[in-house]
Trainee: 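Quick one: structure below, then a few questions.
In the text below, chain A, chain B and the rest are named by the order of the sequence lines, each starting its count at 1.
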There are 2 protein chains.
Amino acid sequence: MKRKITLKQIAKELDVSVSTVSKALSGSKEISEDTTQKIQAFAKLYNYRPNNIALSLKNRKTKTIGILIPEIVHHFFSTVIRGIERIANRRGYNVIVGLSNESFTKEIINMEMLANGSIDGFILSISKETLLKQDYHHFNATINQGIPIVMFDRVVNEVECDKVIVDDFNGAVKAVKMLLDKGCKHIALITTVDYVSVGRLRTQGYLEALQLNKIEADPQLILKIEDSLNVDNHLEDLESEIEHFFKLNPAIDGVFAVNELYAVTAMKVARKLGRSIPDDVQVIGFTDGVLSKHATPSLSTVSQHGQKIGEQAANLLIDRLEAIETESTQYLGSADSKSDFIKVVIETEIIERESTK
Amino acid sequence: MKRKITLKQIAKELDVSVSTVSKALSGSKEISEDTTQKIQAFAKLYNYRPNNIALSLKNRKTKTIGILIPEIVHHFFSTVIRGIERIANRRGYNVIVGLSNESFTKEIINMEMLANGSIDGFILSISKETLLKQDYHHFNATINQGIPIVMFDRVVNEVECDKVIVDDFNGAVKAVKMLLDKGCKHIALITTVDYVSVGRLRTQGYLEALQLNKIEADPQLILKIEDSLNVDNHLEDLESEIEHFFKLNPAIDGVFAVNELYAVTAMKVARKLGRSIPDDVQVIGFTDGVLSKHATPSLSTVSQHGQKIGEQAANLLIDRLEAIETESTQYLGSADSKSDFIKVVIETEIIERESTK
DNA sequence: ATATTTAGCGAAAACGTTTTCGTGTTGAAA
DNA sequence: TTTCAACACGAAAACGTTTTCGCTAAATAT
């Protein structure tokens with residue numbers, strides 16, 4: 001077991017100084033061709049690679065991005081990670097991921113753990129508990145320490161930073177409008193409770209679409225699911241809740257659900273109640289994941305383009321990191337270029353499948 | 001924007017030396033109570049936290065685990081990550097993830113990028129291309145540098161390291177046996193090509209189960225899908241291939257598929273051909289993901305317990321890292337404790353749902 | 001022959017820690 | 001009064017880099 005070789009060892013072995021080795025390896029013309037050759041050959045032989053940690057310490061930057069998300073076993077979030085990783089890799093960065101599990105405390109602990117030098121910047125999506133508490137001091141504290149943040153999907157006005165969001169509102173409008181165009185008269189909305197911003201926006205989009213078509217929204221047709229932070233184990237509850245909802249509103253001929261799971265569950269329940277899809281009931285859901293694609297019938301969805309979100313977020317963050325870098329070498333007294341944060345809106349796309357006519 | 005405060009700054013501000021500050025903060029009784037109080041108060045006020053990078057350089061360990069997987073938008077792999085992160089976090093480690101995208105080259109690049117000091121050890125699952133090439137030198141090189149590796153799921157005998165695997169063989173035996181017990185006479189196998197070890201093992205399990213029941217395997221009933229590394233865009237191909245297969249073998253009354261996707265697609269096709277599930281055809285798949293749970297009818301599966309795999313892998317790696325640590329402080333001449341690598345086998349579990357009787 | 005440039009290299013600082021080994025001051029013991 | 005231990009603290013090394021500055025010797029210019 002041979003540990004990685006260091007500059008010092010090369011220097012000793014070749015009887016030159018550390019500085020000479022460093023310069024020779026970087027191809028400095030300060031060093032004679034002879035010595036350069038000798039050193040480079042030796043380094044190649046022993047497969048020398050500079051130690052990243054030492055470089056990070058010296059350069060005061062780690063070339064690492066911290067990703068902080070509520071959950072990873074989740075199609076949307078993992079797609080975003082894939083996008084981030086793609087860009088990060090291409091631009092010479094690594095990604096380190098932390099999971100908040102929707103918990104405020106874990107979010108803080110993770111941030112503090114990473115903010116002590118481990119990363120250059122964050123890309124994150126806020127946990128539900130944090131949204132509920134509306135306590136965002138840890139984000140602002142981090143930004144104040146000079147660590148930039150890019151938020152995606154679940155963002156918040158109280159924090160000034162770059163943001164990448166989905167056009168939830170218009171996505172919902174488009175979805176509901178499509179159902180209307182395809183002849184639905186009584187469109188139900190299955191959504192979450194309101195504190196998650198994206199859910200709220202989608203609900204507003206639903207209402208807007210109805211209003212645009214001069215249809216009065218019927219509160220009876222809106223089902224708000226109280227998410228117990230743990231959908232997996234309460235699948236039956238979800239089903240029976242939706243079943244109850246359907247029985248209460250037999251007129252329903254269209255369903256707009258704010259996520260895949262609600263949508264496929266709605267299809268399942270509808271069929272169980274003898275309704276045919278899409279003939280009797282048409283269904284469309286937000287989020288284009290595996291479920292939608294492989295359900296029978298396959299589900300029409302509003303695609304969020306998670307990978308694109310991740311890519312945009314990564315580019316935004318790295319751009320800012322590199323801007324900071326050059327800015328600090330400029331001698332002009334950096335007129336505080338704050339408040340020019342960028343908000344990128346990724347357009348949604350309707351994907352029509354078998355659950356709509 | 002106030003940058004993070006350092007020991008040096010505290011020292012200057014309080015007019016003591018850096019060493020005094022360091023000792024005071026660690027509660028060394030070498031420092032008087034007065035100064036300790038003063039320093040600790042000041043540190044708390046300015047929210048001092050030691051710089052991780054500096055610590056990593058000093059201690060020559062990063063408290064970070066490198067995860068290297070082929071794909072992240074994948075239920076099984078993301079579940080494993082969740083397990084790893086859980087244990088890592090609990091034991092004071094961070095995780096940094098790299099994606100190989102099933103590519104040999106990307107796997108190597110990622111490894112080299114992380115192996116230069118960024119991480120203390122790897123947890124990884126081998127990419128398909130690497131398995132195909134059977135070139136494992138980068139793994140062995142990494143291990144030789146003193147960086148331990150734990151492999152999971154897709155492992156290989158050519159590399160000596162700790163491993164965590166699923167009991168694919170017995171899982172398959174159990175699944176097929178169950179189909180037989182439930183009355184199936186003509187059980188089809190839908191599998192991948194052979195070079196991915198887990199696929200091969202599951203195929204062997206299928207054959208074994210038949211043999212145990214004195215049934216001769218019919219090669220006609222085995223469908224090997226050539227995966228084009230990109231299933232998503234070839235969904236129709238998959239469907240038509242399976243449809244063709246069903247038409248060729250009308251006697252099929254049971255299907256064992258080596259993954260979720262093949263299983264649900266088989267169900268879809270069977271129903272399209274007028275077969276009822278589970279009455280005419282019973283189906284069971286490997287991997288218990290979202291698809292299985294939410295398909296209609298819901299799919300019986302062989303669960304792999306991805307999270308448990310991740311947790312075991314993380315514990316194995318951290319145990320080894322900490323063993324190395326104490327070992328190197330021992331003065332006894334470390335009898336090379338090699339070849340005592342651990343292979344943990346996680347038992348599979350059959351989850352019965354609606355696709356079997 | 002003397003002054004000045006230049007090539008080639010080394011010493012040292014810096015990044016932020018921890019830890020070992022002094023060192024000076026105080027108080028008590030001799 | 002002298003000696004010695006205890007106390008409280010600082011200097012310096014180390015982790016592995018890069019970079020600035022300085023130095024020596026040879027080469028050129030005067």
Trainee: What nucleotide, of C:dC9, D:dC9, D:dC15, holds the atom closest to the side chain of A:T20?
Mentor: C:dC9

Trainee: For the side chain of B:V16, starting at C-beta, report the closest nucleotide among C:dG16, D:dG10, D:dT18.
Mentor: D:dG10

Trainee: Which of parallel (below 30°), tilted (30 to 60°) and perpendicular (above 60°) describes B:H74 and B:F77?
Mentor: tilted

Trainee: Nearest heavy atom decides the nucleotide; on that basis, is B:E33 or A:N51 closer to the 5' end of DNA chain D?
Mentor: B:E33

Trainee: By the 4.0 Å heavy-atom rule, please label B:L55 as base, sugar-phosphate, or nothing.
Mentor: sugar-phosphate

Trainee: Identify which nucleotide among C:dT17, D:dC9, C:dC15 has an atom closest to any side-chain atom of A:K58, counting heavy atoms from C-beta outward.
Mentor: C:dC15

Trainee: Side chains of A:N315 and A:R91: do they bring a donor and an acceptor to under 3.5 Å?
Mentor: yes

Trainee: So what does B:S32 hit on the nucleic acid, given a heavy-atom distance under 4.0 Å: a base, only sugar-phosphate, or nothing?
Mentor: sugar-phosphate

Trainee: Rounded to whole angstrom units, what separation is found between the CG atom of A:N59 and the C1' atom of C:dA14?
Mentor: 11 Å

Trainee: Where the side chain of B:L57 is defined as all heavy atoms beyond and including C-beta, which of C:dT18, D:dG16, C:dC9 is the nearest nucleotide?
Mentor: D:dG16

Trainee: Quick one: A:Q9 CD to D:dA14 P, roughly how many Å, whole number?
Mentor: 14 Å

Trainee: Between the side chains of B:S118 and A:N52, does any donor sit under 3.5 Å from an acceptor?
Mentor: yes

Trainee: For the pair made of CD1 in A:I31 and P in C:dG10, what is the distance, rounded to whole Å?
Mentor: 7 Å

Trainee: May I ask you to say what B:S19 touches in the nucleic acid, namely base, sugar-phosphate or nothing, with a heavy-atom cut-off under 4.0 Å?
Mentor: base

Trainee: Does the side chain of A:S19 pick up a donor-acceptor pair with the side chain of A:S22 at under 3.5 Å?
Mentor: no

Trainee: Rounded off to whole Å, could you give me the CG-to-P distance for the A:N52 and D:dC15 pair?
Mentor: 18 Å

Trainee: Rounded to whole Å, please give me the gap between NZ in A:K23 and P in C:dA11.
Mentor: 11 Å

Trainee: Does atom NZ of A:K308 have more than 12 heavy-atom neighbours, drawn from other residues, nucleotides or ligands, at distances under 6.0 Å?
Mentor: no

Trainee: Report the distance from atom CD1 of A:I53 to atom P of D:dT18, rounded to the nearest whole Å.
Mentor: 14 Å

Trainee: Measure the distance from NZ on B:K61 to P on C:dT18 and round it to the nearest whole Å.
Mentor: 13 Å

Trainee: Report the nucleotide, chosen from D:dG16, D:dG10, C:dC9, that has the shortest atom-to-atom distance to any side-chain atom of A:E30.
Mentor: C:dC9

Trainee: If only side-chain N and O atoms of B:K8 are considered, is one of them under 4.0 Å from the OP1 or OP2 phosphate oxygen of C:dC15?
Mentor: yes

Trainee: Contact class for B:T35 vs. all strands (heavy atom < 4.0 Å): base, sugar-phosphate, or nothing?
Mentor: sugar-phosphate

Trainee: Calculate the interatomic distance between B:R60 atom CZ and C:dT19 atom P; express it in whole Å.
Mentor: 15 Å

